[in-house]
Structure formats: structure tokens, C-alpha cells
Amino acid sequence: MKLFNKSHSKNSEWYFPGGKDLQMESGSNASLEMFKDNPLDSLAREICQNSLDAGIEGSNKPVRVEFTSFKVKAENIPGYLELRYEIIDKAMKQWPNEQKTMSMLRKMDRILKNKFVNVLKISDYNTTGLRKENWKSLIEQVGSSVKKDSSSAGSFGIGKGAPFAVSDLRMVLYSTLADEGIKSIGVMKTLYHFINILKNEHELNKIEENDGSIKY
């Protein structure tokens, strides 16, 4: 798989969105906990509904959603060294008395020490992709949901938490091809608040021209 590439994981770095008076966020995230009882069912339901909502109007081709599992080397995870040796350690120091958060962080640490990690790739076809307004709602906003019409299911923006609920690293890598072109970003929903991957846009464009795949 070209989704993870060691050379590009070295060139990427995690950054913490800044701001004044931000609230710290422990491992007890209500937007994720609501999916914990039936995480896989919730994931399939939310993902498939979003893909159906993004179907191309007037097309006679059905929307198709594919779920594929595979393994990658842990060292190929974007920002692997920073995650394993800096971020997780700092988070543990920040939450020493929060048992649930510490348990989650220890599990993350164990996963990152393994040689391989499990990955679930979800792809959809015959859809519009994430257009500008959908991308902004998904990545940058909380409690927001942009639907193309009133018949689309879901309108509170809570379903976007389902993929994070099934990830032991609370990590999701997004990549989309829409009218505005190809975009990709990685997000972790844990520790203090969102952590995003900062990419070199020039490098990303070069990668796309070379092999048509998105790498970090």
C-alpha cells in the first residue's frame, strides 16, 4: 500500500492548533464514547450514510463503499518518532491522575512499539468527494454537518466521531478527490485537543504528479 510511506512520514510533523483559553481534552471524549457500545456497526452506518449523501446527482452508477484491512510498519505512521518519543510521553505527564486517559495512552504506547499496526482503509466511489464546505465541516468544525439537501440523513455533525472510536490511536487519515482537487490530512482526537499533520503542499503536489497517491 502507498498510503503510508516512511520517507514522507519523516517529512511530516504534528502540530497543535493554537488559541487562547482552549480547554484541555482528556481521553473521556463524549463525542467518541457514544459509539463505544457498537463501534463497528456505528462506523459502517455513519460512513455509508455519508457516502450515500455524497452520491453524484443524475448518475446511474451506484455509490460503492469498500472496507479493506491491512498492516503497515509502525515506523511508517506519519510523524512516528514524534508520536512515540515526544507527544505520548508529554501527554502522560499532563494526565497522571486521569486513569482512563492514562490507560488509553499506555495502549497507544504499546501499539507504537509493535513492529506492525493494523489499518482499516475505507474508500467510496461514484461520489462527489469532500467539497470545500464539507471538508471544512469535517476537519475544522465541531457539531457542524453540511448536507446537500434536507433529505440527507444526519444533521448534527456527531457521526464524524465514529472512525476515531474504532481507532486505538484515535487517528484518522483523510484523503479526498473533489472539484477543488486532491486534499489530505491526518487527525488525532485525543491528548490536549486535535492534532493535525502539517504537510508541505509543494511536496504533496509533486507526489500526486508522480504516482497519483497521497502520502504523508
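Everything numeric here is computed off the predicted structure, so don't read it as measured data. This chain uses plain numbering: 1 for the first residue, then up along the sequence. Note: hydrogens, waters and symmetry copies are ignored here, and every other heavy atom, side chains too, is used.
By the salt bridge (charged side-chain N to carboxylate O under 4.0 Å, His left out) test, Lys113 pairs with Asp109, sequence neighbours left out. Taking Thr128 as the reference, nothing meets the side chain to side chain donor-acceptor pair (under 3.5 Å) condition, with sequence neighbours excluded. Not a single side chain to side chain donor-acceptor pair (under 3.5 Å) links Asn114 to another residue, sequence neighbours left out. By the salt bridge (charged side-chain N to carboxylate O under 4.0 Å, His left out) test, Arg131 pairs with Asp179, sequence neighbours left out. With sequence neighbours left out, Lys115 forms a salt bridge (charged side-chain N to carboxylate O under 4.0 Å, His left out) with no residue at all. For Lys132, the side chain to side chain donor-acceptor pair (under 3.5 Å) criterion is met by no residue, not counting sequence neighbours. For Asp168, the side-chain contact (heavy atoms from CB on, under 4.5 Å) partners two or more places apart in sequence, or in a different chain, are Lys107, Ile111. Partners of Ser167 according to the side chain to side chain donor-acceptor pair (under 3.5 Å) rule, which considers only residues two or more places apart in sequence or in another chain, do not exist here. Under the rule for a side-chain contact (heavy atoms from CB on, under 4.5 Å), Ser103 has no partner lying at least two apart in sequence or in another chain.
Hydrophobic clustering keeps Met108 apart from Phe116 (ILVMFWY residues linked when any side-chain heavy atoms are closer than 4.5 Å, directly or through intermediates). Connection of Tyr125 to Ile47 is not established within any shared hydrophobic cluster, with ILVMFWY side chains joined at heavy-atom distances below 4.5 Å, either directly or through further cluster members. Residues Ile77 and Leu81 fall within the same hydrophobic cluster, defined by Ile, Leu, Val, Met, Phe, Trp and Tyr side chains chained together at heavy-atom separations under 4.5 Å.
Counting heavy atoms from C-beta outward, Met188 and Ile87 have side chains that stay 4.5 Å or more apart. Residues Glu75 and Arg84 form no side-chain contact, since every pair of their non-hydrogen atoms from C-beta on lies 4.5 Å or further apart. Looking at heavy atoms from C-beta onward, Leu169 lies in side-chain contact with Leu112 at the 4.5 angstrom threshold.
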Could you pull out every donor-acceptor pair under 3.5 Å between side chains of residues 35-45 and any protein atom, sequence neighbours left out?
| residue | atom | partner | partner atom | Å |
| --- | --- | --- | --- | --- |
| Lys36 | NZ | Ala165 | O | 2.9 |
| Ser42 | OG | Asn38 | O | 2.8 |

Scan the side chains in residues 65-72 for donor-acceptor partners under 3.5 Å anywhere in the protein, sequence neighbours excluded, and list what turns up.
| residue | atom | partner | partner atom | Å |
| --- | --- | --- | --- | --- |
| Glu66 | OE2 | Arg64 | NE | 3.1 |
| Glu66 | OE2 | Arg64 | NH2 | 3.2 |
| Lys71 | NZ | Asn118 | OD1 | 2.6 |

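Between the NZ atom of Lys90 and the CD atom of Glu82 there is a distance of 7.5 Å, given to the nearest 0.5 Å. Distance CD/Gln99 to OG1/Thr101: 10.0 Å, rounded to 0.5 Å.
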Dump the intermediate steps for side-chain hydrogen bond (donor to acceptor under 3.5 Å, both in side chains) on Asn50 and Glu46, then the final yes or no. CA-CA 6 Å; Asn50 288 338; Glu46 298 295 340; 5.3 Å; no
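Contact between Gly186 and Leu173 at its shortest, heavy atoms only, is CA-CD2, 3.5 Å. The two atoms that bring Val63 and Asn126 nearest to each other are CG2-O, 3.8 Å, heavy atoms only. Residue Ala178 comes nearest to Gly129 through the heavy atom pair CB-C, 4.1 Å, listed as atom of the first residue, atom of the second, then distance. Taking every heavy atom of both residues into account, Ala74 and Val117 meet most closely at CB-CG1, 4.1 Å.
Among residue pairs with one or both ends in residues 91-102, those qualifying as salt bridge (Lys or Arg N to Asp or Glu O under 4.0 Å) are Glu33-Lys100, Asp89-Lys93; sequence neighbours excluded.
For the pair Tyr174 (side chain) and Lys183 (backbone), a donor-acceptor distance under 3.5 Å is absent.
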